[in-house]
Amino acid sequence: MKRLLITGAGGNLGRQMRARLGDLAEIVRLADRGGMDPAGDNEEVVTCDLGDAEAVSKMVEGCDAIVHFGGQPVEAPWSVVKNANIDGMYNLYEACRIHGCKRVVFASSNHAVGFFKQNEVIDNTVYPKPDGLYGVSKVFGEMLASMYFEKFGIETASIRIGSCFPEPANHRALTTWLSFDDLERLIRRCLDVPRLGCPVIYGNSANTANFWDNSKVAWLGWKPQDNAEDYRDAVNAKCEKPAADAPDVVYQGGGFTADGIHQE
């Protein structure tokens, strides 16, 4: 493609994918509200607050596809969540509609379904059970993507990312872990398939422990290759096993389910 936009390019996942996806486009436009490393040979760097509709429109103009990591990444007061993940999502999709950008890979979150129990296996058709305002904002993003697909043909893969770090950090992550390599493979498939539609996909590696069922999106051809089970001994050695009634053991969203409403 001519130009790929990566939002949130200064964050954890944005930095990783910036280093991995540069071959997908002649130009990679990198956007964040904060600081980023200077532009490389085939890169453009722009500063953008997602709550600023005019700035978002300029950010999206000329882009063929978007990998959208931008936004508030954890629970926060409503004004913060709303600016980045509600107003910001609307601004992004309006910019896509106006400028003709037809494909988005959206970093949704497992916290859209965080109040499901860990003894349940759920697929991508369940009614959401968000575990906080952040989770609610991700449900909103998925529904906004659905509307813009049905009405305007903008295709979106909404990836309910689990725990995407170099290795699993705790016992819950032995189920929710998504390796950087598997995330890269998934993004590439979402950008490569001729027809994407608007699927919801659970973002976790090929972990032995699993409570997410991606069978209804098997047509995508994504085959995660890493397994958190390889790290179980290391997790057991560094982390005390939580009590059986702890949120990290009971709910798929873990500790987010026990968090209160954040105030200003």
Trainee: Cluster question for you: counting only ILVMFWY and a side-chain heavy-atom cut-off of under 4.5 Å, with indirect links fine, are Y93 and F152 together?
Mentor: yes
Trainee: When you measure from the side chain of N214 to the backbone of V217, do you find a donor-acceptor pair of N or O atoms at a distance under 3.5 Å?
Mentor: no
Trainee: E155 side chain to L196 main-chain N or O, any donor-acceptor pair under 3.5 Å?
Mentor: yes
Trainee: Checking side chain to side chain contact (heavy atoms under 4.5 Å, CB included) between M17 and each of V105, L183, V67, L30, which is the one that passes?
Mentor: L183
Trainee: Could you verify whether a donor N or O on one side chain and an acceptor N or O on the other, from Q252 and W212, lie under 3.5 Å apart?
Mentor: yes
Trainee: Can you check whether D131 reaches E75 side chain to side chain, under 4.5 Å on heavy atoms?
Mentor: no
Trainee: Kindly compute the distance separating NE2 (H99) from SG (C63), expressed to the nearest 0.5 Å.
Mentor: 9.0 Å
Trainee: To the closest 0.5 Å, what do you measure between CG (L144) and CD1 (I154)?
Mentor: 9.0 Å
Trainee: For N204, which of T176, N210, N110, D226 qualifies under side-chain hydrogen bond (donor to acceptor under 3.5 Å, both in side chains)?
Mentor: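 That would be N210.
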Trainee: Starting from the C-alpha separation in whole Å, work towards a yes-or-no answer on side-chain contact (heavy atoms from CB on, under 4.5 Å) for N91 and L50.
Mentor: CA-CA 7 Å; N91 291 338; L50 292 170; 5.9 Å; no
Trainee: Could you see if F106 belongs to whatever hydrophobic cluster contains I66? Use Ile, Leu, Val, Met, Phe, Trp, Tyr and a side-chain cutoff under 4.5 Å.
Mentor: yes
Trainee: Measuring only between side-chain heavy atoms, which start at C-beta, is L13 closer than 4.5 Å to I161?
Mentor: yes
Trainee: Are Y148 and C198 packed together at the side-chain level, in the sense that at least one heavy-atom pair is separated by less than 4.5 angstrom?
Mentor: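 No. Closest side-chain heavy atoms not under 4.5 Å.
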Trainee: Below 4.5 Å, heavy atoms only, C-beta onward: do L4 and L191 meet side chain to side chain?
Mentor: yes
Trainee: What donor-acceptor contacts under 3.5 angstrom involve side-chain atoms of residues 112-123, with partners at least two apart or in another chain?
Mentor:
| unit_1 | atom_1 | unit_2 | atom_2 | d |
| --- | --- | --- | --- | --- |
| Q118 | NE2 | D248 | O | 2.7 |
| Q118 | NE2 | Y251 | O | 2.7 |
| E120 | OE2 | K117 | N | 2.6 |
| D123 | OD1 | T125 | N | 2.9 |
| D123 | OD1 | T125 | OG1 | 2.7 |
| D123 | OD2 | T125 | OG1 | 3.4 |
| D123 | OD2 | K216 | NZ | 3.0 |

Trainee: Hey, what do you get for CG (D181) to CG (L178), rounding to the nearest 0.5 Å?
Mentor: 10.0 Å
Trainee: So does W222 get a backbone contact from the side chain of R189, meaning a donor-acceptor N/O pair under 3.5 Å?
Mentor: no
Trainee: Between I201 and L220, does a side-chain contact (heavy atoms from CB on, under 4.5 Å) hold up when you go through it step by step?
Mentor: CA-CA 10 Å; I201 306 154; L220 185 63; 3.7 Å; yes
Trainee: Could you go through the side-chain contact (heavy atoms from CB on, under 4.5 Å) check for K82 and L133 one step at a time?
Mentor: CA-CA 9 Å; K82 178 178 179 294; L133 299 179; over 6 Å; no
Trainee: What about I6 and M36, same hydrophobic cluster or not, with Ile/Leu/Val/Met/Phe/Trp/Tyr joined at side-chain heavy-atom distances under 4.5 Å?
Mentor: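 I6 clusters together with M36.
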Trainee: Give me the atom names and distance for the closest heavy-atom approach of C239 to A169.
Mentor: SG-O, 3.3 Å
Trainee: Test of understanding: with salt bridge (charged side-chain N to carboxylate O under 4.0 Å, His left out), list the residues that count as partners of E54, not counting sequence neighbours.
Mentor: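 For E54 the salt bridge (charged side-chain N to carboxylate O under 4.0 Å, His left out) partners, ignoring immediate neighbours, are K58.
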Trainee: For A209 and R232, which heavy atoms make the closest approach, and how far apart are they?
Mentor: CB-NH2, 4.4 Å
Trainee: Please name the pair of heavy atoms, one in A244 and one in V249, separated by the smallest distance, quoted to 0.1 Å.
Mentor: O-CG1, 3.5 Å
Trainee: Could you go through the salt bridge (charged side-chain N to carboxylate O under 4.0 Å, His left out) check for E43 and R29 one step at a time?
Mentor: CA-CA 6 Å; E43 295 180 337; R29 180 175 291 171; over 6 Å; no
Trainee: Have S137 and N85 got a donor and an acceptor in their side chains that come within less than 3.5 Å?
Mentor: yes
Trainee: Please answer: with hydrophobic residues joined when any side-chain heavy atoms are less than 4.5 Å apart, are L92 and V46 in the same cluster?
Mentor: yes
Trainee: Can R103 and D64 be said to form a salt bridge (charged side-chain N to carboxylate O under 4.0 Å, His left out), step by step?
Mentor: CA-CA 7 Å; R103 186 162 297 193; D64 301 300; over 6 Å; no
Trainee: Has the side chain of E229 got a donor or acceptor atom that lies under 3.5 Å from a matching backbone atom of N207?
Mentor: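 Answer holds: no.
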Trainee: Which pairs pass salt bridge (Lys or Arg N to Asp or Glu O under 4.0 Å) with one or both residues in residues 133-145, sequence neighbours excluded?
Mentor: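 For residues 133-145, and leaving out neighbouring residues, the salt bridge (Lys or Arg N to Asp or Glu O under 4.0 Å) pairs sorted by first residue read E142-R160.
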Trainee: When rounded to the nearest 0.5 angstrom, what is the spacing between CG in D259 and OH in Y134?
Mentor: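 Result: 13.0 Å between the selected atoms.
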Trainee: Going by an N to O cut-off under 4.0 Å, is there a salt bridge joining E167 and K238?
Mentor: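 Yes.
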Trainee: Can a donor-acceptor pair be found, under 3.5 Å and without considering hydrogens, that links the side chain of N12 to the backbone of C164?
Mentor: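 Checked: pair present.
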Trainee: Looking only at side-chain N and O atoms, does N83 offer a donor or acceptor that is under 3.5 Å from a partner on D49?
Mentor: yes
Trainee: How would you list, by chain and number, every residue that makes a side-chain contact (heavy atoms from CB on, under 4.5 Å) with A234, sequence neighbours excluded?
Mentor: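 For A234 there are no side-chain contact (heavy atoms from CB on, under 4.5 Å) partners, ignoring immediate neighbours.
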Trainee: Just so I know, are the side chains of M59 and L5 near enough to count as touching, which here means a heavy-atom distance under 4.5 Å?
Mentor: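 The answer is yes; the side chains approach within 4.5 Å.
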Trainee: So which heavy atom on V81 is nearest to which on A76, and how close?
Mentor: CG2-O, 3.6 Å
Trainee: Residues in salt bridge (charged side-chain N to carboxylate O under 4.0 Å, His left out) with R188, at least two apart?
Mentor: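 Scan of R188 (salt bridge (charged side-chain N to carboxylate O under 4.0 Å, His left out), adjacent residues dropped) gives D23, E184.
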Trainee: What's the separation between atom NZ in K102 and atom SG in C96, rounded to the nearest 0.5 Å?
Mentor: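 With rounding to 0.5 Å, NZ (K102) is 9.5 Å from SG (C96).
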Trainee: Kindly compute the distance separating CD1 (I86) from CD (Q72), expressed to the nearest 0.5 Å.
Mentor: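 The distance works out to 12.0 Å.
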Trainee: Is a donor from one side chain sitting under 3.5 angstrom from an acceptor on the other, for D182 and S205?
Mentor: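 There is such a pair between these side chains.
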Trainee: What residue pairs, at least two apart or across chains, pass salt bridge (Lys or Arg N to Asp or Glu O under 4.0 Å) with a residue in residues 193-214?
Mentor: none
Trainee: Set out, in order, the CA-CA distance, both residues' side-chain angles and the distance that settles side-chain contact (heavy atoms from CB on, under 4.5 Å) for V28 and L21, then state yes or no.
Mentor: CA-CA 8 Å; V28 179; L21 301 178; over 6 Å; no
Trainee: Donor-acceptor pair, distance only, cut-off 3.5 Å: does the side chain of H262 make one with the backbone of W78?
Mentor: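 No; judged by distance alone, with no hydrogens or angles, the pair does not exist.
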Trainee: Within the 4.5 Å heavy-atom criterion, are N124 and Y202 side-chain neighbours or not?
Mentor: yes
Trainee: Side chains of R3 and E44: does their closest heavy-atom pair fall under 4.5 Å?
Mentor: yes
Trainee: How close do R18 and P38 get, counting heavy atoms only, and between which atoms?
Mentor: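 It is NH2-O, 2.9 Å.
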Trainee: Could you check whether the rings of Y231 and W177 sit parallel, tilted or perpendicular, using 30° and 60° as the cut-offs?
Mentor: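 Because their plane-to-plane angle is over 60°, the rings of Y231 and W177 count as perpendicular.
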Trainee: Should Y90 and M147 be regarded as members of a common hydrophobic cluster, given that ILVMFWY residues are connected when their side-chain heavy atoms come within less than 4.5 Å of each other, either directly or indirectly?
Mentor: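 Shared cluster, yes.
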Trainee: Check P128 against V139 and note the closest heavy-atom contact, atom names and distance.
Mentor: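 Shortest heavy-atom contact: CB-CG2, 3.7 Å.
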Trainee: Please determine, by modelled atom types, if S108 and S158 share a side-chain donor-acceptor pair under 3.5 angstrom.
Mentor: no
Trainee: Is the closest side-chain heavy-atom distance between D32 and T7 below 4.5 Å?
Mentor: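 Heavy-atom side-chain distance check fails, nothing below 4.5 Å.
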